[in-house]
Amino acid sequence: MTVIARFAPSPTGKLHVGNIRAALFSWLYAKKAGGKYLLRLDDTDTERSTEEFAKGIETDLEWLGLKHDIFARQSDRIAEYESAAAALKEAGRLYPCYETGAELERKRKLQLSQKKPPVYDRAALKLTDDEKRALEAEGRRPHWRFKLDSEKTGFDDLVQGHVAVDAASLSDPVLVREDGSFLYTLPSVVDDIEFRVTHVVRGADHITNTGVQIQIARALGAEQPVYAHFSLLQGPEGRPLSKREDAAFSIEALREAGYEPMAINSLLARLGTSDAHEALLSLDELAAGFDISHLGRADIRFEPAELDRMNASILHLTPYEAARARLADAGCDLGPAFWDAVKPNLARFADVAEWARVVRGPITPVIEDADFAAEAAAELPAEPWDIATWGLWTEAVKGKTGRKGKALFMPLRLALTGLDHGPELKNLLPLIGRERAEARLRGVSH
RNA sequence: GUCCCCAUCGUCUAGUGGCCCAGGACGUCGCCCUCUCACGGCGAAAACAGGGGUUCGACUCCCCUUGGGGAUACCA
């Protein structure tokens, strides 16, 4: 059996660190099992779905490297849902209801005030054909509810263990709106069946839906997929991600802030497990070490600082070849020696520009002792320079001036880079070159 | 209101009655490396939410409290 996992976002908003986990986990699960990954746009809510959000989702997924093998969108598949709905009506599981939203709201309020669960009372089930005709004559159009079996629907969840959803405490879900359009519930089931989805990996907020959807799948005569409901990601304060945080931690915002996609993937793939939070350079490596059963049931916290550290780790591991194109784009491709020298000092990729400027100039040298700097300049050996040059030169300067340690090196760093911190100078010096080095030691911006 | 789930170092967690005066990872702190920052290496500090049971013995089982989260839509 080929594993097919799916990610089914609705294009009604942006992807963020919370909801992207469904995509990541689904992808990792499918790939580790040698299976396929389906991206399905659940765009049945035409009020809220937009093409812009759909595009954004695809852009984000592509940027993260979560390529799909199969693509579908529900708005293309209405006919399939119509026939499934017809089959359910045929089976007597889908029944027409005529209450307006306001009427339903009133019923709910009443139930609540009587301290009763706000469950739909199935009044519509008792309507006679004459009554239905009368309501339609009034101009009412029906919406359609799925008649739930009032039993506990159990399933074995890869994360939650055995779960039982008690349908008795649930309202019969509306599957078809008054205007004939579908809510997500039925299309989701129909598509999971038709695309032979074997594993549904989604947030724990869907557990109740799963109970309902299993009943629908059964009513349609289909097997249910395996479910994995992971616990929800909370914000840094240990509270649900706020609207504000959703925006700040959207994939788009993180991309624009200069985070590495693999930093996001690496962190999110291991957060919530006891597996080491290590920076991995490829999704395949991440998939190899991914075990969905390592996820716990408790909610987990997203700490932005962890992403920063992960991002730095990714950069520290990135080989020149992998960085080359981006270095060129940034106008900072000064070769492998440069990249290897400066990458341990990077927190974000864009920081590389600062070090490129230190190498190529212009920088303003900081000279505290002009005589010393001039003496040092005089000792600069002839080119070609390599990694040994720094040692040779500073040895010579030390002999000449009698300085050593910090008193020797810091003034050189300040003069050569204009900064009191940075990558090792033995690596930087050959890149700076004799001409610039000499000018800087003489206090000339270069 | 009702139902469901959760509760171990700062964070993510291991732990399924004795192996735990609680293990790992990240962070923190210290030391080493070192001209600096960073990287890297080594080491240390750091937790069982509270209260009752059950038991010879509870982080582990039960109950309550407290605190969190989710669901309860003609959203997904």
Side-chain angles (χ1 to χ4, degrees), chain A residues 8-13 19 42-45 47-49 97 99-101 104-105 108 111-120 141-145 160-161 163-166 168-171 173-185 187-188 202-209 211 229 231-234 236 238-240 267 270-278 294-303 305-306 309-310 312-313 315-317 340-347 351 390 394 403-414 417 419-426:
Chain A
S10 65
T12 55
N19 54 33
D42 283 8
D43 56 353
T44 55
D45 183 350
E47 288 285 301
R48 297 195 301 146
S49 296
C97 302
E99 296 89 346
T100 63
L104 290 170
E105 186 59 30
R108 262 192 299 271
Q111 288 168 313
L112 246 19
S113 70
Q114 293 170 175
K115 300 199 187 284
K116 286 197 285 203
V119 175
Y120 179 61
R141 308 294 313 158
H143 57 278
W144 299 76
R145 287 186 190 263
Q160 305 288 324
V163 177
V165 177
D166 187 2
S169 63
L170 263 33
S171 296
V174 175
L175 263 32
V176 187
R177 293 187 182 91
E178 184 183 340
D179 66 3
S181 67
F182 292 91
L183 280 102
Y184 114 108
T185 313
S188 180
R202 56 180 12 173
D205 53 336
H206 279 284
I207 287 175
T208 311
N209 288 330
H229 292 93
S231 53
L232 269 16
L233 190 71
Q234 301 192 313
R239 315 247 59 162
L267 178 63
R270 299 290 186 260
L271 241 202
T273 73
S274 57
D275 301 326
H277 295 183
E278 55 180 340
H294 289 189
L295 256 6
R297 289 198 274 185
D299 290 332
I300 58 182
R301 200 177 291 209
F302 171 72
E303 300 217 71
E306 274 204 273
R309 290 190 289 265
M310 188 60 85
S313 295
L315 257 11
H316 301 162
L317 291 172
D340 289 334
V342 306
K343 71 184 180 187
N345 281 70
L346 305 179
D351 298 345
W390 170 255
T394 53
R403 293 203 192 201
K404 60 182 181 180
K406 201 165 181 172
L408 168 67
F409 297 109
M410 189 47 81
L412 299 179
R413 170 175 292 281
L414 253 12
T417 70
L419 298 167
D420 65 359
H421 65 276
E424 289 190 41
L425 280 169
K426 71 170 182 186

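All chains are named by letter (A, B, ...) in the order of the sequence lines, taking the proteins before the strands, and each is independently numbered beginning at 1. All values below were derived from every heavy atom in this structure, side-chain atoms included, with hydrogens, water molecules and symmetry-related copies excluded.
Nucleotide B/rA44 forms a pair with B/rU28, judged by Watson-Crick or G-U wobble geometry with both contacts under 3.5 Å. Summarising the base pairing, B/rA38 is matched to no nucleotide, lacking a Watson-Crick or G-U wobble pair whose two defining distances lie under 3.5 Å. Under the Watson-Crick and G-U wobble criteria, each requiring two contacts below 3.5 Å, nucleotide B/rU16 is left unpaired. Applying the Watson-Crick and G-U wobble criteria (two distances, each under 3.5 Å), B/rC33 pairs with nothing in any strand. Partner assigned to B/rA71 is B/rU2, using Watson-Crick or G-U wobble distances below 3.5 angstrom. Taking a pair to require two hydrogen-bonding distances under 3.5 Å in either a Watson-Crick or a G-U wobble arrangement, B/rU55 remains unpaired.
Nearest to the side-chain atoms of A/Arg239 among the listed nucleotides B/rA76, B/rG68, B/rA73 stands B/rG68. Closest contact between the side chain of A/Glu303 and the listed nucleotides B/rU11, B/rA76, B/rG69 involves B/rU11. Listed nucleotides: B/rA76, B/rC37, B/rC35. Nearest to the side chain of A/Asn345: B/rC37. For A/His421, counting side-chain heavy atoms from C-beta on, the closest listed nucleotide (B/rA76, B/rU36, B/rA73) is B/rU36. Distance from the side chain of A/Pro118 is smallest for B/rU72 among the nucleotides B/rC74, B/rG69, B/rU72. Among the nucleotides B/rG1, B/rA76, B/rC37, the one closest to any side-chain atom of A/Pro117 is B/rG1. When the nucleotides B/rG70, B/rG1, B/rG27 are ranked by their closest atom to the side chain of A/Lys115, B/rG1 comes out on top. If you check B/rG70, B/rC39, B/rA71 against the side chain of A/Thr208, the one that comes closest is B/rA71.
No side-chain heavy atom of A/Leu183 sits less than 4.5 Å from a side-chain heavy atom of A/Thr44. Looking at A/Arg141 and A/Asp179, their side chains never come closer than 4.5 Å, going by heavy atoms from C-beta outward.
A/Leu104 places its CG atom 14 Å from the C1' atom of B/rU72, with the value rounded to the nearest Å. Atom-to-atom, CG of A/Asp166 to C1' of B/rU2 comes out at 11 Å; the value is rounded to the nearest Å. Rounded to whole angstrom, the span from the CG atom of A/Asp420 across to the C1' atom of B/rU34 amounts to 15 Å. Across the protein-nucleic acid pair, A/Arg309 atom CZ and B/rA38 atom P stand 14 Å apart, rounded to whole Å. Going from atom CG of A/Leu233 over to atom P of B/rC6 covers 19 Å, rounded to whole Å. Rounded to an integer number of Å, the gap from CD of A/Glu99 to P of B/rA73 is 13 Å. Rounding to whole angstrom units, CG of residue A/Leu425 and P of B/rU36 are separated by 11 Å. One can place CD of A/Glu424 at 13 Å from P of B/rG40, the figure rounded to the nearest angstrom.
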Stepwise side chain to side chain contact (heavy atoms under 4.5 Å, CB included) test for A/Glu306 and A/Leu271: CA-CA 10 Å; A/Glu306 274 204 273; A/Leu271 241 202; 4.0 Å; yes
Verdict with supporting geometry, A/Asp351 and A/Val342, side chain to side chain contact (heavy atoms under 4.5 Å, CB included): CA-CA 9 Å; A/Asp351 298 345; A/Val342 306; over 6 Å; no
Pair A/Tyr120-A/Glu99, side chain to side chain contact (heavy atoms under 4.5 Å, CB included): steps then yes or no: CA-CA 11 Å; A/Tyr120 179 61; A/Glu99 296 89 346; 2.6 Å; yes
List, with names and distances, any nitrogen or oxygen atoms from the protein found under 3.5 Å away from nitrogen or oxygen atoms belonging to nucleotides 12-14 of chain B.
from	atom 1	to	atom 2	distance (Å)
B/rC12	OP1	A/Arg301	N	3.3
B/rC12	O3'	A/Gly272	N	3.4
B/rC12	O2'	A/Gly272	N	2.6
B/rC12	O2'	A/Thr273	N	3.3
B/rC12	O2'	A/Thr273	O	2.8
B/rU13	O5'	A/Gly272	O	3.4
B/rU13	O2'	A/Ser274	N	3.4
B/rU13	O2'	A/Ser274	OG	3.0

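Using a 4.0 Å heavy-atom distance criterion, A/Leu175 is classed as making no nucleic acid contact.
With a 6.0 Å radius and a threshold of 12 heavy atoms from other residues, nucleotides or ligands, A/Gln114 has its CD atom above the threshold.
For B/rC74, the OP1/OP2 oxygens have a side-chain nitrogen or oxygen of A/Arg145 closer than 4.0 Å.
In this structure, A/Glu303 CD and A/Arg309 CZ are separated by 7.5 Å, a value rounded to the nearest 0.5 Å.
Distance noted for atom C1' between B/rC12 and B/rG27: 11 Å (whole Å). With P as the reference atom, B/rG68 and B/rC74 are 29 Å apart, rounded to whole Å.
Between A/Lys343 and A/Gln160, the residue anchored nearer the 5' end of RNA chain B, judged by the nucleotide with its closest heavy atom, is A/Gln160. Across the interface with RNA chain B, nearest-nucleotide mapping of A/Val176 and A/Glu278 shows A/Glu278 to be the residue nearer the 5′ end.
Side chains of A/Ser181 and A/Arg177: a donor on one and an acceptor on the other come within 3.5 Å.
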